[in-house]
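Below: one structure, written as structure tokens.
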Protein chains: 2
Amino acid sequence: MTIRTKPAEILPLNTILAGDCVEMMNSLPEASIDLIFADPPYNLQLKGQLHRPDNSEVDAVDDHWDQFDSFAAYDQFTRDWLAAARRLLKPNGAIWVIGSYHNIFRVGATLQDAGFWILNDVVWRKSNPMPNFRGKRFTNAHETMIWASKSEGAKYTFNYEALKSLNEGIQMRSDWVLPICNGGERLKDAQGEKAHPTQKPEALLHRVLIGSTNPGDVVLDPFFGTGTTGAVAKMLGREFIGIEREAAYREVATARIAKVRKFDREALTVTASKRAEPRVPFGQLVERGMLRPGEMLVNQRGQAARVRADGTLATDGFNGSIHQVGAHIEGAPSCNGWTYWHFRKDGQTIPIDLLRQQIRSEMT
Amino acid sequence: MTIRTKPAEILPLNTILAGDCVEMMNSLPEASIDLIFADPPYNLQLKGQLHRPDNSEVDAVDDHWDQFDSFAAYDQFTRDWLAAARRLLKPNGAIWVIGSYHNIFRVGATLQDAGFWILNDVVWRKSNPMPNFRGKRFTNAHETMIWASKSEGAKYTFNYEALKSLNEGIQMRSDWVLPICNGGERLKDAQGEKAHPTQKPEALLHRVLIGSTNPGDVVLDPFFGTGTTGAVAKMLGREFIGIEREAAYREVATARIAKVRKFDREALTVTASKRAEPRVPFGQLVERGMLRPGEMLVNQRGQAARVRADGTLATDGFNGSIHQVGAHIEGAPSCNGWTYWHFRKDGQTIPIDLLRQQIRSEMT
DNA sequence: CTCAACTCTGAATCGGTAG
DNA sequence: ACTACCGATTCAGAGTTGA
């Protein structure tokens with residue numbers, strides 16, 4: 001069922017190759033791989049140390065493999081491994097690369113320059129990201145994946161219906177909400193420390209492999225780490241090849257994958273999301289023009305508060321959220337601002353919760 | 001709305017400049033702009049709409065080799081307008097650029113190469129995207145924005161507390177869920193056709209401007225289109241400058257912005273950061289007799305330190321500022337002495353920060 | 001046993017001012 | 001330029017402790 005232009009028997013299926021990813025890729029036969037999933041170093045350029053507000057120290061990614069001297073050096077590294085990767089892909093093969101804003105723009109441009117054809121960029125929205133402790137930027141709550149075919153016009157694999165089923169019958173979007181890898185899935189070393197600083201969640205790979213490979217396909221991961229790609233590939237009945245320089249990671253990955261059972265139906269079942277009602281911040285009503293800064297809200301007794309541009313309310317002598325101002329007026333410990341506050345329209349007095357419901361209905 | 005060929009003495013505030021964005025930007029004085037919001041053309045190599053800065057049209061062809069020519073031409077275009085934009089920015093100015101996977105990777109890499117310093121990439125997650133009709137890819141449900149300062153280490157504007165308020169008390173994340181622009185907000189021409197193919201929602205600009213500008217700041221949009229940036233800037237009490245080459249868009253934008261009412265000043269007041277509060281040295285509490293030399297302060301666990309006349313604290317074996325002594329006791333890298341130390345009054349234990357607030361309230 | 005309270009941690013380019 | 005030092009700053013989820 002697969003087209004073999006080179007002797008496939010020399011493909012080292014379901015093994016982890018030890019060494020530099022470019023050298024190892026160049027040792028494999030060209031046009032032999034169906035899918036490449038790559039999680040290259042992000043080239044984070046961290047300066048000092050970061051502490052949480054409680055003074056505990058953030059365990060940052062400062063590993064030697066993430067150090068590059070310059071953008072130029074990182075670009076050269078990217079060109080090299082992408083060229084080797086592209087040679088390995090079958091004509092209808094595809095690649096996924098994951099990264100953050102530190103590196104993903106350079107990777108994306110290099111992909112395009114190398115002749116890959118971008119099919120989608122997919123955003124992994126983390127449900128539980130690390131906060132921004134200093135309050136100087138937005139919470140870095142997502143990472144970006146680029147999905148590209150080997151070239152324009154290639155007949156890449158896309159299991160549209162399977163993904164639609166995964167998504168409760170609705171077409172899969174380019175933004176995926178998934179938690180980061182922790183809990184029992186997070187691999188630990190003998191000392192109980194995390195075995196790898198950037199282990200990816202299996203759910204991410206599950207979706208990638210279900211969507212863009214078929215059973216029996218060969219999946220290569222040139223930055224194998226602790227082997228999430230291999231573990232999920234094995235579960236899903238795909239063949240994998242991993243490449244990893246660090247012996248410690250290879251050992252962890254080997255033990256991990258040995259424990260994986262193929263076709264474990266229970267493991268494949270996607271837990272139906274306990275979908276709570278999405279949270280809608282009051283500020284969104286202001287941003288979206290449903291309420292205007294300066295407009296007055298009133299409570300049941302006609303007491304008023306003024307809407308401000310940042311989604312807070314102002315009364316004489318007290319500012320705060322819709323809940324805080326309501327509680328303050330009532331002298332109560334808490335208050336549900338959504339039902340407490342009303343706006344006037346056409347002589348009517350309408351609870352602002354109606355506007356929230358409107359937003360929620362648009363979100364489904 | 002005349003074309004300026006010499007640097008303007010005075011910024012043409014709240015006007016739309018007609019012409020090529022690079023030429024017009026070069027006609028403005030350097031280091032005069034606080035924020036740039038740019039929605040550049042995506043890489044439209046197939047549509048022949050790409051122009052070089054000298055106004056010549058890029059002859060786009062869609063065969064494989066010319067893709068490379070096209071990418072190169074787009075990169076040149078990007079380098080040119082980003083260079084002009086960077087020249088205009090004040091040292092602590094910042095830029096936002098929005099794009100899709102067609103162009104954003106090239107734009108991001110070019111930004112970095114030009115010396116901009118990426119602060120975040122922000123994903124606009126569309127609540128109502130256009131579905132993928134052919135079922136061959138993921139629904140393209142997001143666009144990417146890059147937020148960057150003029151250079152590394154610059155003191156960019158970030159209204160952390162205001163954004164936190166907009167998000168109901170939780171720090172704002174890098175993924176924003178907002179609907180696309182339609183309904184009454186979507187501008188139509190005389191024939192009832194949409195006036196611009198890619199009109200951005202005002203909610204997006206609201207969040208950008210609240211978060212990264214202050215009232216009175218000058219915001220430049222070099223690809224003004226139908227003027228969403230100008231409309232929201234006017235609402236929020238910011239000054240804008242637009243640049244747009246198409247007369248039809250300028251007309252729509254002009255009429256649109258004329259109708260916008262600025263919110264009143266009180267409504268535009270935004271939750272401020274504590275960092276902006278005036279600094280009160282601890283010694284002032286002693287000088288003013290709120291605390292007396294020799295008096296004991298205690299932490300939560302009841303450990304005590306003695307106030308000295310010079311505004312330092314003394315414990316056995318260690319003297320220093322309220323912060324240093326607190327950090328020393330906790331063995332922590334730092335400590336906020338204002339919240340750490342308490343004084344006793346009438347049997348109660350009260351944080352010394354209360355005394356600071358008292359002084360601050362007298363300062364107004 | 002349950003449940004509430006507390007602890008720990010995750011790819012992070014995470015100050016500002018005075019002297 | 002550089003140094004010293006003030007003092008502001010966190011969300012979600014899993015694990016652990018203790019009543």
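Basis for what follows: all heavy atoms, side chains included, without hydrogens, waters or symmetry-related copies. Lettering of chains follows the sequences in order, A, B, ..., and the numbering in each one begins at 1.
Classification of D113(B) and R106(A) as a salt-bridged pair holds, one side-chain N sitting under 4.0 Å from a carboxylate O. Here R288(B) pairs with E362(B) in a salt bridge; the nearest charged N to carboxylate O distance falls below 4.0 Å. Taking a cutoff of 4.0 Å between a charged side-chain nitrogen and a carboxylate oxygen, E152(B) and K47(A) qualify as a salt bridge.
Residue C181(A) is the one, among R137(A) and C181(A), whose nearest nucleotide of DNA chain C lies closer to the 5' end (criterion: closest heavy atom). Between Q324(B) and D54(A), the residue anchored nearer the 5' end of DNA chain D, judged by the nucleotide with its closest heavy atom, is Q324(B). Heavy-atom distances to DNA chain D give each of N182(A) and N132(A) a nearest nucleotide, and the one nearer the 5′ end belongs to N132(A).
Here the rule is ring pair (Phe, Tyr, Trp, His ring centres under 6.0 Å) with W147(B), and of W117(B), F37(B), F158(B) only F158(B) fits it.
Across every strand in view, dT9(D) sits unpaired, with no contact that passes the Watson-Crick or G-U test at under 3.5 angstrom. Nucleotide dC6(C) is matched to dG15(D) when pairs are restricted to Watson-Crick or G-U wobble geometry with both distances under 3.5 angstrom. With both pairing distances under 3.5 Å, dC14(C) is matched to nothing as a Watson-Crick or G-U wobble pair.
If you check every strand for non-hydrogen atoms under 4.0 Å, K200(A) touches a base. Counting non-hydrogen atoms under 4.0 angstrom, Y160(B) reaches the backbone sugars and phosphates but no base. Base contact: P129(A) has a heavy atom under 4.0 Å from a base atom. Note on G184(A): only backbone sugar-phosphate atoms sit closer than 4.0 angstrom, heavy atoms only; bases stay farther off. Counting any heavy atom pair closer than 4.0 Å across all strands shown, I118(B) reaches a base atom. Residue contacts for P333(B): at a heavy-atom cut-off of 4.0 Å it reaches no nucleic acid atom on any strand shown. If you check every strand for non-hydrogen atoms under 4.0 Å, K274(B) touches sugar and phosphate atoms only. The residue E161(B) sits close only to the backbone: its heavy atoms come under 4.0 Å of sugar-phosphate atoms, none of a base. As judged by a 4.0 angstrom heavy-atom cut-off over every strand, S334(B) is placed among the base-contacting residues.
Closest to the side chain of V58(A), out of dA11(C), dA12(D), dA12(C), is dA12(C).
For the P atoms, the distance from dA11(C) to dG15(D) is 16 Å, rounded to whole Å. As rounded to the nearest Å, dA19(D) and dC1(C) have C1' atoms that lie 12 Å from one another. The separation of dA12(C) from dT9(D), taken at their C1' atoms, amounts to 14 Å, rounded to a whole angstrom.
Counting only heavy atoms from C-beta outward, the side chains of M172(B) and Y160(B) never approach each other to under 4.5 Å.
A sub-4.0 Å separation between OP1 or OP2 of dA8(D) and a side-chain N or O of R275(B) is absent. Residue K136(A) places at least one side-chain N or O closer than 4.0 Å to OP1 or OP2 of dG16(C). At the phosphate of dG7(D), OP1 or OP2 sits under 4.0 Å from a side-chain N or O atom of H323(B). Remark: S321(B) is not in phosphate contact with dC5(D), judged by side-chain N or O atoms under 4.0 Å from OP1 or OP2.
Side-chain to base pairing of K126(A) with dA11(C): no donor and acceptor N or O lie closer than 3.5 Å to each other. The base of dA12(C) does not come close enough to the side chain of S100(A) for any donor and acceptor atom to sit less than 3.5 Å apart. Donor-acceptor pairing under 3.5 Å, judged by distance alone, is absent between the side chain of R279(B) and the base of dG16(C).
Taking the six-membered ring where the residue is Trp, Y249(A) and H196(A) present tilted rings, their angle falling between 30° and 60°.
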